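All figures in this text were calculated on a predicted structure; none of them were measured in a lab. Counting starts at 1 for both ligands and their atoms, in listed order.
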Amino acid sequence: MAASAETVLPEPHKVVKDDDWTIVLPRRKNQKRRLPKLKSAKQQQEQTHWTPTDLETTPERELKLMQKMQICIEKLEKSRFFTVFLDQIVTSEAADCFYNITKSERKINMVIYGIGSIESFDSPRLQLSLAVLMKRKLDWIGEIEVFDPIISLTESKVFEELNCRVLSVNEQGMRKVVDPILFFMPHCEVELYDNLLKTNWRYDSLNKIILFGNSFEKYEQHQSVFQGSLLNESTKRLVAVRPFTKEFSTVSDDYFRAFHGSSWHFFSVDRDTNLQLLC
Ligand SMILES: C[S@@+](CC[C@H](N)C(=O)[O-])C[C@H]1O[C@@H](n2cnc3c(N)ncnc32)[C@H](O)[C@@H]1O
C-alpha cells in the first residue's frame, strides 16, 4: 500500500512493513473482526474470483448495520459538508468538467473501490453514505458497483440493500473504460490508482474518467521525499498525467477523517499526445 504522505493516510490506519513494501492497515483496537492481510504490489496484478472471507452473518447483525448506515446517511445529508460537496458538483468550476463528461450520457455508472469495512469504521460508512446520497441527488448517476477484498458477508448484504452491487471479481482497479464512468476511490492505496491509469493509458479512455480519490497534486508534492522507493515507482504515472488533469479538492472540515486529502480528477488528453513517452 502506498500512501505515506500525511494526506493519504486515513486516520484509523497505521503503517506497517510487509517484506519489501509498506502497507497501511486498520488499527486493531477498533476492529470488530480480523481483516485479511493485503497482498504485495506484485501479487496485485492478478484479477481473481472473490467471495467474502467472513461468512458469519445473522439477520440481527445485518439489521444493526443497516440502521447504522441509515443514521449515517441522514446525518451526512444534513451536514454543511454535503451542501458544499454537492454545490461543487452542480455550480462551481468543477461543474463544467462534470457536464462535459455527463452531457452525452443518460446515466454514468459508479465503481467504488477500497471502501474499507463499513461495519468496523466511521470513515467507510461516511464514504458509502456520500456515494448513496450522490445517487439519490444526481439523476445522471446509474448503477453502483463496489469492491474491497475485506468486505464481509454481512457488509455485502447491506451493500446490496443500498443498491450497490458487490463485484465477485477482484479487478485490482484494472477496469477497462469503454463508456464514461465515475470511480469513487476514497483513500485507496496508490497502486490501485496506478492500476486504473495503466489499464486506461490512452487519451480516449482517460478522458471518460471521473475520479474521486487521493489528491494527485499532493502525491506530486510529496514525490521528491520518496525518491528511489516503490512509492515513487507507483506515483510515476499519477505525476505524469498531472499536466492533463484538472483537480478540485474537497473541503472536509466537519468530516476530516473520512474525506481529507480527497479531490475530484478529470483528464483532458489530446489525441496527439504520446502518453507512452511520459512514463
Ligand atoms: C487505506 S484503506 C481505505 C479504507 C477507507 N476508504 C478509509 O478511508 O478508511 C484502503 C482500502 O483499499 C482496499 N483494497 C486493497 N486492495 C483492493 C482492491 N484490489 N480492490 C479494491 N479495494 C482494495 C483495502 O482492503 C482497504 O480497505
Return yes or no for this condition: an N or O of [X] is under 3.5 Å from an N or O of ligand 1.
| X | value |
| --- | --- |
| G114 | yes |
| S123 | no |
| E189 | yes |
| P186 | yes |

Against heavy atoms of N170, which atoms of ligand 1 measure under 4.0 Å?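 Listed by number with element: 18 (C), 19 (N), 20 (N).
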Single hit among L275, L206, L211 for side chain to side chain contact (heavy atoms under 4.5 Å, CB included) with L197: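 It is L206, the one option of L275, L206, L211 that forms the side chain to side chain contact (heavy atoms under 4.5 Å, CB included) with L197.
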How far apart are the C-alpha atoms of K107 and I141, what are their side-chain angles, what is the distance that settles it, and do they pass the side chain to side chain contact (heavy atoms under 4.5 Å, CB included) test? CA-CA 5 Å; K107 297 275 184 194; I141 294 193; over 6 Å; no
Would you call the rings of H265 and F216 parallel, tilted or perpendicular, taking 30° and 60° as the class edges?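 It falls in the tilted class, 30° to 60°.
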Counting heavy atoms only, which part of I115 comes closer than 4.0 Å to ligand 1: side chain, backbone, both or neither?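 For I115, the contact with ligand 1 is made by the backbone alone.
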Examine the proximity of ligand 1 to Q127 and report which part, side chain or backbone, both or neither, has a heavy atom under 4.0 Å away.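 For Q127, the contact with ligand 1 is made by the side chain alone.
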Option nearest atom 2 (S) of ligand 1 (shortest heavy-atom distance, choices E171, Q172, H187):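 Going through E171, Q172, H187 one by one, H187 has the nearest heavy atom to atom 2 (S) of ligand 1.
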Please compare F147, W50, F259 and report which has the shortest non-hydrogen distance to atom 20 (N) of ligand 1.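 Nearest option to atom 20 (N) of ligand 1, by heavy atoms: F147.
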Report yes or no: does a heavy atom of F121 sit under 4.0 Å from some atom of ligand 1?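 Judged by the 4.0 Å heavy-atom criterion, F121 does not count as contacting ligand 1.
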Which residues satisfy the salt bridge (charged side-chain N to carboxylate O under 4.0 Å, His left out) test with E247, sequence neighbours excluded?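 So E247 forms a salt bridge (charged side-chain N to carboxylate O under 4.0 Å, His left out) with R242.
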Given the ring of W140, does R106 sit roughly above its face, with NZ or CZ under 6.0 Å from the centre of the six-membered ring and within 45° of the axis?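 That pair does not qualify as a cation-pi contact.
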Assess the pair Y113 and F147: is the distance between their ring centroids shorter than 6.0 Å?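 Centroid distance Y113-F147: not below 6.0 Å, so no.
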Would you check if the side chain of Y203 reaches a backbone N or O of D272 as a donor-acceptor pair within less than 3.5 Å?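 Such a contact is absent between Y203 side chain and D272 backbone.
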